[in-house]
There are 2 protein chains.
Amino acid sequence: MRLSKRGEYGLRAMIALAEPAEKGSAPKMMQIKEISERENISTKFLEQILLALKNAGLVHSKMGVGGGYYLARPAKDITFGQIFRVLDGPVAPIKCVSQMAYEPCGCPDEATCGLRLVMGDVRNAISDILDKTSLADVTKRQAAVRKKLGIK
Amino acid sequence: MRLSKRGEYGLRAMIALAEPAEKGSAPKMMQIKEISERENISTKFLEQILLALKNAGLVHSKMGVGGGYYLARPAKDITFGQIFRVLDGPVAPIKCVSQMAYEPCGCPDEATCGLRLVMGDVRNAISDILDKTSLADVTKRQAAVRKKLGIK
DNA sequence: CAAAAGTCTACTTGTGTTATAGACTTTATA
DNA sequence: TATAAAGTCTATAACACAAGTAGACTTTTG
């Protein structure tokens with residue numbers, strides 16, 4: 001049940017873009033290099049990932065001197081599920097329980113397939129979290145943890 | 001978040017072994033071929049999978065004429081989590097939230113890492129299901145569904 | 001026009017998944 | 001006790017995919 005590096009880096013980048021955006025409400029712009037250095041990600045690889053997120057409409061960008069990336073919408077309106085699906089595809093562990101990319105899995109009878117029953121539960125549990133957690137939710141949680149640990 | 005074919009086939013096979021075992025309490029023995037034909041799995045591939053499950057102590061086998069595989073314990077004492085981990089490894093989407101195979105993931109501060117917070121929730125949600133669902137639970141659910149659909 | 005930034009496509013490289021092959025061991029039973 | 005039916009074990013092939021690298025191109029600012 002692994003998250004790919006692509007997905008990991010993309011989520012980290014989006015969190016980075018969301019983090020300081022909560023203070024001022026102006027969307028914060030960051031450059032690829034800035035993110036890649038901070039998160040220790042190959043610049044070239046991150047480039048592709050950000051491009052995919054851009055083409056999916058989750059971030060916008062500005063070209064040229066002083067350019068960079070910024071969230072396309074307020075952090076509270078972007079969920080982990082949206083980001084994940086762009087970078088790693090469907091959430092479901094097996095195609096026959098996927099909402100976004102259903103395909104029959106070849107069992108004799110789907111309705112009574114034991115594996116399908118359980119994997120359906122798993123899919124729902126995962127998407128329950130991913131689709132209900134926004135970038136804003138996470139920056140809030142981060143702030144709460146920091147406070148609890150004594151500001152920092 | 002994909003379940004591998006290896007994991008899929010292994011889980012299907014275990015469910016097959018558990019299914020009729022509920023009637024009589026004698027553990028049902030099935031041959032590789034029997035399972036592979038019923039579930040449409042390459043016999044040779046399934047062989048390896050069953051062997052792994054055997055070495056992990058989840059099934060026992062009998063060699064020679066009239067041999068086959070059977071569950072090592074009652075179906076209620078074998079969980080999806082146990083089977084999954086043998087065949088597909090840790091449940092956690094990212095190493096730094098794994099209970100069974102922890103490794104640092106390289107973020108500057110684990111305690112306040114936003115990705116880790118969310119993926120920790122995901123891990124818990126998955127293992128909550130997988131570790132609390134036994135093979136017996138599933139055969140029961142299957143029976144309930146069948147009844148609801150008009151016996152069959 | 002030069003430099004700084006993002007865009008786009010292709011390629012490489014390594015690793016893992018999904019098998020397939022074949023020789024070997026154990027057991028029942030004719 | 002030979003034979004056939006079963007599981008055991010290890011190697012390797014074929015392929016796909018992930019992860020990363022490269023480089024040429026476009027846009028924007030000063």
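- At least one side-chain heavy atom of A:Leu11 sits less than 4.5 Å from a side-chain heavy atom of A:Leu3.
- Contact of the A:Asp121 side chain with the A:Val97 side chain is not registered, since no non-hydrogen atoms from C-beta on lie closer than 4.5 Å.
- Here the side chain of B:Gln31 pairs no donor or acceptor atom with the backbone of B:Gly68 at under 3.5 angstrom.
- Proximity of residues 87-106 of chain A to DNA chain C (heavy atom under 4.0 angstrom from any strand atom) is not detected for any residue.
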Output a table of nitrogen or oxygen pairs between the protein and nucleotides 24-30 of chain D separated by less than 3.5 Å.
| unit_1 | atom_1 | unit_2 | atom_2 | d |
| --- | --- | --- | --- | --- |
| D:dT29 | OP1 | A:Lys62 | NZ | 3.4 |

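- With salt bridges taken as basic N to acidic carboxylate O contacts below 4.0 Å, one links B:Arg12 and B:Glu8.
- When heavy atoms are screened at a 4.0 angstrom cut-off, B:Leu50 is found touching no nucleic acid atom at all.
- Formation of a donor-acceptor pair under 3.5 Å by the B:Asp88 side chain with backbone atoms of B:Ser4 is found in this model.
- In this structure, CD of A:Glu34 is placed 14 Å from C1' of C:dG6, rounded to the nearest angstrom.
- Contact between the side-chain N/O atoms of B:Tyr70 and the OP1/OP2 oxygens of D:dG7 is not found at any separation under 4.0 Å.
- Rounded to an integer number of Å, the gap from B:Gln31 CD to C:dA28 P is 13 Å.
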Pairs under 3.5 angstrom only: tabulate donor-acceptor contacts from the side chains of residues 98-105 of chain B to other protein residues two or more places apart or in another chain.
| unit_1 | atom_1 | unit_2 | atom_2 | d |
| --- | --- | --- | --- | --- |
| B:Ser98 | OG | B:Met100 | N | 3.4 |
| B:Ser98 | OG | B:Ala101 | N | 2.8 |
| B:Tyr102 | OH | B:Glu110 | OE1 | 3.3 |
| B:Tyr102 | OH | B:Glu110 | OE2 | 2.7 |

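- A straight line from CG of A:Leu46 to P of D:dT21 spans 13 Å, rounded to a whole angstrom.
- When rounded to the nearest whole Å, the span between CD1 of A:Ile32 and P of C:dT7 equals 7 Å.
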Show each protein N/O and nucleotides 13-20 of chain D N/O combination with a separation under 3.5 Å, one pair to a line.
| unit_1 | atom_1 | unit_2 | atom_2 | d |
| --- | --- | --- | --- | --- |
| D:dA19 | OP1 | A:Lys5 | N | 3.0 |
| D:dA19 | OP2 | A:Lys5 | N | 3.1 |
| D:dA19 | OP2 | A:Arg6 | N | 3.4 |

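- Among the heavy atoms of the strands, none lies under 4.0 Å from B:Lys33.
- You'll find the side chain of A:Arg6 reaches within 4.5 Å of the side chain of A:Phe45, heavy atoms only.
- We find that CE of B:Met29 is positioned 16 Å from P of D:dA5, with the value rounded to whole Å.
- The shortest distance between side-chain heavy atoms of A:Leu130 and A:Thr79 does not fall below 4.5 Å.
- For residues 60-69 of chain A, the side chain to side chain donor-acceptor pair (under 3.5 Å) pairs, not counting sequence neighbours, are A:Lys54-A:Ser61.
- Atom-to-atom, CG of B:Leu51 to C1' of C:dT25 comes out at 13 Å; the value is rounded to the nearest Å.
- A 4.5 Å side-chain heavy-atom check between A:Lys44 and A:Gln48 finds every atom pair outside the cut-off.
- Rounded to a whole Å, the CD1 atom of B:Ile41 is 12 Å from the P atom of C:dT18.
- When the C1' atom of C:dC8 is taken as reference, atom CD1 of A:Ile49 falls 15 Å away, rounded to whole Å.
- Contacts classified as salt bridge (Lys or Arg N to Asp or Glu O under 4.0 Å) and involving residues 126-138 of chain B (residues at least two apart or in different chains) are given here: B:Arg85-B:Asp131, B:Asp128-B:Lys132.
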